S.K.: 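This is the structure I want to talk about, given as structure tokens.
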Number of protein chains: 2
Amino acid sequence: MTSKQNTQQKILDAAEKLFAETGFSATSLRQITSMAEVNLASVNYHFGSKKELIQAVLQRYLSLLMPRLDQEFTQLLASQHHNDLGKVLSVFVIPLLELNKVQNRGTTLFLQLLGRGYTDVQGHLRWFFNHHYGRTLDKFVLLVQQSCPALPASEIFWRLHFSLGTIVFTMASNEALKDIAAADFNEIVEIDGVIKRLIPYLAAGIAAPMQTAG
Amino acid sequence: MTSKQNTQQKILDAAEKLFAETGFSATSLRQITSMAEVNLASVNYHFGSKKELIQAVLQRYLSLLMPRLDQEFTQLLASQHHNDLGKVLSVFVIPLLELNKVQNRGTTLFLQLLGRGYTDVQGHLRWFFNHHYGRTLDKFVLLVQQSCPALPASEIFWRLHFSLGTIVFTMASNEALKDIAAADFNEIVEIDGVIKRLIPYLAAGIAAPMQTAG
DNA sequence: GTACATTTCAAACACTTGTTTAAATATACC
DNA sequence: GGTATATTTAAACAAGTGTTTGAAATGTAC
């Protein structure tokens, strides 16, 4: 019994590290099993396929993060105050940083995985996410709409996707950006620093005034 | 002589289409040569390797775009007026849209390829771009710094990378976003519409006020 | 029209991929 | 302890990858 959990755990740990570093498609099962020091066939034995392994790796974080976010969104929606956009976005900070409790560098790893999920073309991931967490996402979109009553829904749609791009790309290239910042500006930036830098940028972008003339 | 150019052209056309759709790594030479209706070996004969084919595909657009951008940047830097950030960013619009003259949907294809270049881990592309067009990029960064004198250089560094993420991600998922916008909001958005939507978002994000308290 | 260079082509190369198989081993339960 | 179940293992599988080969075909020039 302990050996089974051990093997699954070892595979998940190695997989998430390699997936975050080099993407899902570019990471082979042989790399994973070799880093986890388990037999190649054990991935298919325990998870069924590579696809299901990818989903399991993400699910470890999503099952913790999404209920917390859902709770926060529900709370904000229930309060009768006007919710400032900066406040709505700040809701993400603490739940994201608490992923570090799952394991070392959990927040960074999860956000990198999220980025890979969008840049790798893994159709099954989009379905997987919408199927499990679509409701939570809807609440968030509603909150943003309430905090930006001047913007039409379609404009918010576009700007939220622009923002998703910012997050995903930043996290996917997070390591490189940190290195450059350290070399060029003598700045040591950790993941929470990046997240807090992102908030004002995203808030300003999402709430930007509409262009008047085409 | 004509057949040689014909084959090269056919390969480039098919390659850029497939690369834009599914990324560099995920596109095989057999897919390319089959769509181009040429022999598999002709890629290696005409371009040497897959890497060099990728570079050739990008170079077809970059060699047209970058000198134009460089010229615009130089002009703006020479003028003694203060350059509004929106104005600086708008410099991209016309040169980008003129890529449509290279070929049908040239702008979209190029921007998607750019996105792929960052999301696929193609180290040689980053080197290739910096080596050929690093100088032009420096001029752009200088212009942004001049238009946002209140922001420290390190903050501008981060925000420009946030913006790069927005662009790259938006273009990589451009087709999907267009479809959703059409289905959910009855909106038909072409590439120039996306570009013009991006400008105010990016301008507001880059010029956002600094966060006062940590 | 012969001689030379360029280009095309089918076939094979060496290698990597995810997955499956069947035997060997470990674990749990009676 | 013996039996059944769960897990690990090495090996092979079929399919796909970029690249190379050498001969055939085509084009060019004198």
Side-chain angles (χ1 to χ4, degrees), chain A residues 1-58 113 116-117 119-125 127-128, chain B residues 1-58 113 116-117 119-125 127-128:
Chain A
M1 183 63 85
T2 71
S3 86
K4 171 188 171 180
Q5 286 185 345
N6 241 342
T7 303
Q8 281 184 327
Q9 204 81 20
K10 283 196 281 183
I11 292 174
L12 284 174
D13 288 346
E16 88 172 5
K17 198 164 177 236
L18 289 168
F19 283 155
E21 272 171 16
T22 35
F24 299 115
S25 319
T27 302
S28 74
L29 294 183
R30 282 169 178 82
Q31 286 178 272
I32 294 170
T33 54
S34 139
M35 167 178 280
E37 294 178 311
V38 300
N39 187 273
L40 168 64
S42 54
V43 169
N44 294 63
Y45 177 76
H46 285 289
F47 297 94
S49 66
K50 187 182 179 181
K51 270 188 189 179
E52 289 164 284
L53 171 62
I54 295 174
Q55 292 174 8
V57 165
L58 279 170
L113 290 170
R116 298 296 181 186
T119 55
D120 273 30
V121 199
Q122 300 278 347
H124 65 103
L125 275 187
W127 180 92
F128 174 80
Chain B
M1 185 62 88
T2 73
S3 85
K4 171 188 170 180
Q5 286 185 344
N6 242 341
T7 303
Q8 280 184 326
Q9 204 83 18
K10 284 195 281 184
I11 292 174
L12 284 174
D13 289 345
E16 86 172 5
K17 199 165 176 236
L18 290 169
F19 284 155
E21 273 171 16
T22 35
F24 298 115
S25 319
T27 303
S28 73
L29 293 183
R30 282 170 179 81
Q31 285 178 273
I32 294 170
T33 54
S34 137
M35 167 178 280
E37 294 178 312
V38 300
N39 187 272
L40 168 64
S42 54
V43 169
N44 292 304
Y45 177 76
H46 285 290
F47 296 94
S49 66
K50 188 182 179 182
K51 268 189 190 179
E52 287 165 285
L53 172 61
I54 294 174
Q55 292 174 7
V57 165
L58 279 170
L113 290 170
R116 298 295 181 185
T119 55
D120 273 31
V121 199
Q122 300 278 347
H124 64 103
L125 276 187
W127 181 91
F128 175 79

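So you know, we letter chains A, B, ... as the sequences are listed, proteins then strands, and number each from 1. Quick caveat, the model's predicted, so the values are computed rather than measured.
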S.K.: So which atom in F24(A) and which in G117(A) form the shortest heavy-atom distance, rounded to 0.1 Å?
M.R.: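 Heavy atoms of F24(A) and G117(A) come nearest at CE1-N, 3.4 Å.
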
S.K.: Would you say D13(A) and K17(A) make side-chain contact, with heavy atoms under 4.5 Å?
M.R.: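 Side chain of D13(A) against side chain of K17(A), heavy atoms only: no contact under 4.5 Å found.
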
S.K.: Whole angstroms only, please: what is the CD1-P distance between I11(B) and dC9(C)?
M.R.: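 Taking atom P of dC9(C) as the reference, CD1 of I11(B) is at 11 Å.
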
S.K.: Output all residues satisfying side chain to side chain donor-acceptor pair (under 3.5 Å) with S49(B), sequence neighbours left out; order by chain, then residue number.
M.R.: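 Listed in chain order: E52(B).
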
S.K.: Treat a base pair as Watson-Crick or G-U wobble with both distances under 3.5 Å, then lay out DNA chain C in dot-bracket form, 5' to 3', with | for cross-strand pairs.
M.R.: ||||||||||||||||||||||||||||||

S.K.: So with a 6.0 Å cut-off around NZ of K50(B), is the heavy-atom count from everything else above 12?
M.R.: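 Atom NZ in K50(B) is crowded, with more than 12 foreign heavy atoms closer than 6.0 Å.
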
S.K.: So V38(A) and N6(A), side-chain contact (heavy atoms from CB on, under 4.5 Å) or not? Walk me through it.
M.R.: CA-CA 10 Å; V38(A) 300; N6(A) 241 342; over 6 Å; no

S.K.: Residues two or more places apart in sequence or in another chain: which of them pass side chain to side chain contact (heavy atoms under 4.5 Å, CB included) with A15(A)?
M.R.: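 Residues passing side chain to side chain contact (heavy atoms under 4.5 Å, CB included) with A15(A): F19(A), I32(A), L53(A), V57(A).
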
S.K.: Tell me the interatomic distance from K10(B), atom NZ, to dT8(C), atom P, rounded to whole angstroms.
M.R.: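 Distance check: K10(B) NZ to dT8(C) P gives 8 Å.
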
S.K.: What string of B, S and - do you get for nucleotides 12-26 of chain D, 5' to 3', when a contact is any protein heavy atom under 4.0 Å?
M.R.: B----BBBBB-----

S.K.: My understanding is that only residues two or more places apart in sequence, or in another chain, count here; which of them pass side chain to side chain donor-acceptor pair (under 3.5 Å) with S42(A)?
M.R.: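 Partners of S42(A) by the side chain to side chain donor-acceptor pair (under 3.5 Å) criterion come out as none, since no residue qualifies.
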
S.K.: Give the rounded distance in Å between these two atoms: CZ of F47(A) and P of dT8(D).
M.R.: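 So the two atoms are 11 Å apart, to the nearest Å.
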
S.K.: Does some side-chain heavy atom of I11(A) sit less than 4.5 Å from a side-chain heavy atom of Q8(A)?
M.R.: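 Q8(A) does not reach I11(A) side chain to side chain.
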
S.K.: Would you say S42(B) reaches dT7(C)'s phosphate, i.e. side-chain N/O to OP1/OP2 under 4.0 Å?
M.R.: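 Negative; the distance criterion is not met.
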
S.K.: To the nearest 0.5 Å, what is the distance between CG on L29(A) and CG on N44(A)?
M.R.: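 Output value for this atom pair is 6.5 Å.
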
S.K.: Strictly below 4.0 Å: does T7(B) bring a side-chain N or O up to OP1 or OP2 of dT7(C)?
M.R.: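 The answer is no; no side-chain N or O of T7(B) sits under 4.0 Å from OP1 or OP2.
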
S.K.: On the nucleotide dT6(C), are OP1 or OP2 found under 4.0 Å from the side-chain N or O atoms that H46(B) carries?
M.R.: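 Looking at the OP1 and OP2 atoms of dT6(C), neither is under 4.0 Å from any side-chain N or O of H46(B).
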
S.K.: Without decimals, in angstroms, what is the distance between N39(A) CG and dT20(C) C1'?
M.R.: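 After rounding, the gap between these two atoms is 12 Å.
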
S.K.: How close or far is atom C1' of dG18(C) from atom CD of E52(A), stated in whole angstroms?
M.R.: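 Answer to the nearest Å: 13 Å.
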
